[in-house]
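The structure under discussion appears below in the form of structure tokens.
Nothing fancy with the numbering, it's 1 onward along the sequence. Note that this is a predicted model, so its numbers are computed, not measured.
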Amino acid sequence: MTTFASGTDTLTRDALTVLQPGFTGTTAPDWLLRRLGEGLASVGLFGRNIATPEQVAALTAQLRAERDDVLVAIDEEGGDVTRLEVRTGSSFPGNHALGAVDDVELTRDVAAELGRRLAACGVNLNWAPSADVNSNPANPVIGVRSFGADTALVARHTAAYVTGLQSAGVAACTKHFPGHGDTAVDSHHAMPRIDADASVLAERELAPFRAAIAAGSRAVMSAHILVPALDPDHPATLSRTVLTDLLRGELGYTGLIVTDGMEMQAIAATYGIERGSVLAIAAGADAICVGGGLSDDETVRRLRDALVAAVRSGELPEARLAEAAERVRELARWTATVAPAADGAGREDIGLVAARRALRLTAPSPFAPLTEAPFVAAFTPVANIAVGDETPWGVAAELARLLPGTETGGYTGEDAARAALEAAGDRRVVAVVRDEHRHPWMAAALDALLASRPDTVVVEMGVPQAPSRGALHIATYGAARVCGRAAAEVIAGE
């Protein structure tokens with residue numbers, strides 16, 4: 001049975017209930033367990049908290065020994081953004097690959113298997129899927145996290161993903177409302193702005209969220225973006241017009257509204273996390289996500305006290321905070337009572353099946369698979385914060401398994417091609433790129449490499465916008481481990 005520490009008043013409990021903090025380490029620290037006893041109702045897991053599935057299961061059991069209805073959340077999109085497999089790369093290809101296949105049953109099956117694995121670890125809330133329409137190819141933070149640039153495609157796959165994930169008993173948190181696709185700025189670093197008019201937003205950005213709501217998405221995550229057509233003064237996370245009038249009123253959404261990470265610079269550098277959290281709850285958010293960067297008891301205390309002080313000063317209505325806390329508890333009740341689908345035995349290989357189906361191959365003439373170990377030149381962009389730089393990507397590891405002796409090097413900048421050619425020697429070159437169209441230095445490196453070695457195989461593991469070239473061009477639509485394996489199989493003729 002859930003118990004609260006004696007002496008914790010209702011207001012303080014409600015302020016703790018709406019927080020979704022993170023922590024460091026692979027076991028729960030004492031301060032976190034104490035806060036669960038005082039009313040904290042959610043905990044977020046990140047890559048730093050994860051070693052093995054067995055360890056995660058032990059960790060979530062430790063949390064539930066303190067509070068049996070705790071929401072354990074994770075940012076597990078599959079594909080490029082993985083936490084469960086942060087050190088190996090994901091067993092699932094990610095949204096852009098699923099959109100490229102465009103088989104909603106496959107998307108539902110992939111999400112169901114991902115949900116099954118999360119549930120087996122004791123995770124019951126997933127900050128996924130991304131319902132953003134990737135309408136701006138220069139977008140630095142969405143890219144392959146989106147199902148695609150076509151609104152109808154994104155909508156049907158978002159709905160399928162929500163259905164599949166929740167069939168495993170894991171609540172979906174569809175993001176980033178009202179749509180982060182048409183941005184050229186990463187909200188981890190600054191405040192993005194979308195200048196589309198209201199009619200475009202309604203037809204393009206909002207359609208996937210309507211589909212998610214119709215599919216029963218239990219949570220929706222707000223975006224730290226300024227959309228002047230909706231609210232010229234406040235980013236969506238802090239906008240009553242966006243969260244209450246639009247999401248709740250116009251779209252009829254009744255589930256949990258979660259903020260994106262409040263320590264992201266779009267909010268933290270402009271409002272500060274305490275002020276931002278108060279404004280978010282006042283605007284209609286129900287849960288404050290924090291912990292990707294700030295992950296200590298002091299952060300929890302600061303946000304709790306800021307919410308309590310705002311209620312006591314009259315800035316934040318106590319009824320609004322109580323309503324938000326009750327929505328958190330309502331989601332916790334759902335996760336405790338929902339039963340996974342009866343046919344939930346799982347398909348361990350479904351991610352690889354999807355990755356293979358997503359491949360798009362272009363060759364100017366019949367391609368003869370490689371029979372000798374190549375040199376893999378990875379032209380490596382700076383990873384965005386959502387993806388992180390700790391997750392391996394590429395094809396080298398999988399090619400080394402199929403063609404022993406394969407070697408690799410990572411290159412960036414103006415000297416990339418020369419350095420790669422020097423390292424390759426007389427070996428066949430496999431060039432691996434990620435979003436070539438967004439990185440002029442990468443395109444120049446490929447030009448120089450192909451001028452010298454036209455038999456180079458090119459593997460694009462980002463959004464395939466640049467023209468295909470090379471003796472064989474493989475678009476994987478993502479950089480997950482299974483995407484690399486699928487590409488390596490083609491290169492080696494497996």
Side-chain angles (χ1 to χ4, degrees), residues 11-12 14-22 42 44 75 127 140-141 173 175-180 183-195 219-248 256-318 320-321 323-325 327-328 384-386:
L11 175 57
T12 301
D14 283 352
L16 284 169
T17 295
V18 302
L19 303 181
Q20 294 189 343
S42 308
D75 193 7
W127 292 317
V141 68
C173 182
K175 60 189 183 185
H176 306 80
F177 188 83
H180 207 312
T183 62
V185 172
D186 183 345
S187 52
H188 291 90
H189 301 298
M191 182 77 74
R193 176 185 174 112
I194 294 180
D195 285 312
V220 167
M221 178 176 282
S222 67
H224 302 329
I225 56 175
L226 188 67
V227 188
L230 301 178
D231 187 332
D233 301 315
H234 305 97
T237 293
L238 311 184
S239 171
R240 182 173 179 83
T241 302
V242 172
L243 298 186
T244 299
D245 298 346
L246 176 58
L247 182 53
R248 293 235 184 266
L256 189 77
I257 299 177
V258 183
T259 72
D260 207 345
M262 295 301 285
E263 68 269 50
M264 293 165 63
Q265 290 302 296
I267 298 297
T270 308
Y271 298 88
I273 62 167
E274 295 99 331
R275 176 77 177 151
S277 296
V278 169
L279 293 173
I281 297 294
D286 305 306
I288 301 296
C289 176
V290 65
L294 300 173
S295 51
D296 54 17
D297 188 38
E298 176 66 12
T299 298
V300 173
R301 186 195 63 75
R302 286 166 57 195
L303 297 185
R304 177 202 66 187
D305 291 352
L307 292 167
V308 169
V311 170
R312 289 178 174 159
S313 71
E315 180 184 7
L316 175 64
E318 186 169 5
R320 171 76 274 273
L321 180 62
E323 177 189 51
R327 282 212 182 89
V328 175
N384 73 60
I385 290 177

Let me confirm one number: the [atom1]-[atom2] distance from [X] to [Y], rounded to the nearest 0.5 Å.
{"X": "E263", "Y": "I273", "atom1": "CD", "atom2": "CD1", "result": "7.5 Å"}
{"X": "I288", "Y": "T17", "atom1": "CD1", "atom2": "OG1", "result": "12.5 Å"}
{"X": "L307", "Y": "E318", "atom1": "CG", "atom2": "CD", "result": "12.0 Å"}
{"X": "L226", "Y": "D231", "atom1": "CG", "atom2": "CG", "result": "7.5 Å"}
{"X": "L230", "Y": "L247", "atom1": "CG", "atom2": "CG", "result": "11.5 Å"}
{"X": "M262", "Y": "L294", "atom1": "CE", "atom2": "CG", "result": "11.0 Å"}

Do the non-hydrogen side-chain atoms of [X] and [Y] ever get within less than 4.5 Å of each other?
{"X": "T259", "Y": "I267", "value": "no"}
{"X": "V290", "Y": "L19", "value": "no"}
{"X": "V242", "Y": "S222", "value": "no"}

Would the distance check show the side chain of [X] and the main-chain N or O of [Y] forming a donor-acceptor pair, the cut-off being under 3.5 Å?
{"X": "S295", "Y": "G291", "result": "no"}
{"X": "H224", "Y": "Q265", "result": "no"}
{"X": "T237", "Y": "A223", "result": "yes"}
{"X": "K175", "Y": "W127", "result": "yes"}
{"X": "E274", "Y": "A306", "result": "no"}

Which atom pair, heavy atoms only, marks the closest approach of [X] to [Y]?
{"X": "G276", "Y": "L238", "result": "O-CD2, 3.3 Å"}
{"X": "V227", "Y": "P178", "result": "CG2-CG, 4.1 Å"}
{"X": "I225", "Y": "G179", "result": "CD1-O, 3.0 Å"}
{"X": "R320", "Y": "I281", "result": "NH1-O, 2.7 Å"}
{"X": "L321", "Y": "L11", "result": "CD2-CD1, 3.6 Å"}
{"X": "Q20", "Y": "A287", "result": "NE2-CB, 3.8 Å"}

Sequence neighbours excluded, which residues qualify as salt bridge (Lys or Arg N to Asp or Glu O under 4.0 Å) partners of R327?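 For R327 the salt bridge (Lys or Arg N to Asp or Glu O under 4.0 Å) partners, ignoring immediate neighbours, are D286, E323.
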- Below 4.0 angstrom, N of the basic side chain to O of the carboxylate: do R301 and D297 qualify?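 Salt bridge: no.
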For T244, check side-chain contact (heavy atoms from CB on, under 4.5 Å) against everything at least two apart and list the hits.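 side-chain contact (heavy atoms from CB on, under 4.5 Å) check on T244 returns R240.
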query = Are D296 and T299 close enough, and set up right, to give a side chain to side chain donor-acceptor pair (under 3.5 Å), and what steps lead you there?
reply = CA-CA 6 Å; D296 54 17; T299 298; 2.6 Å; yes
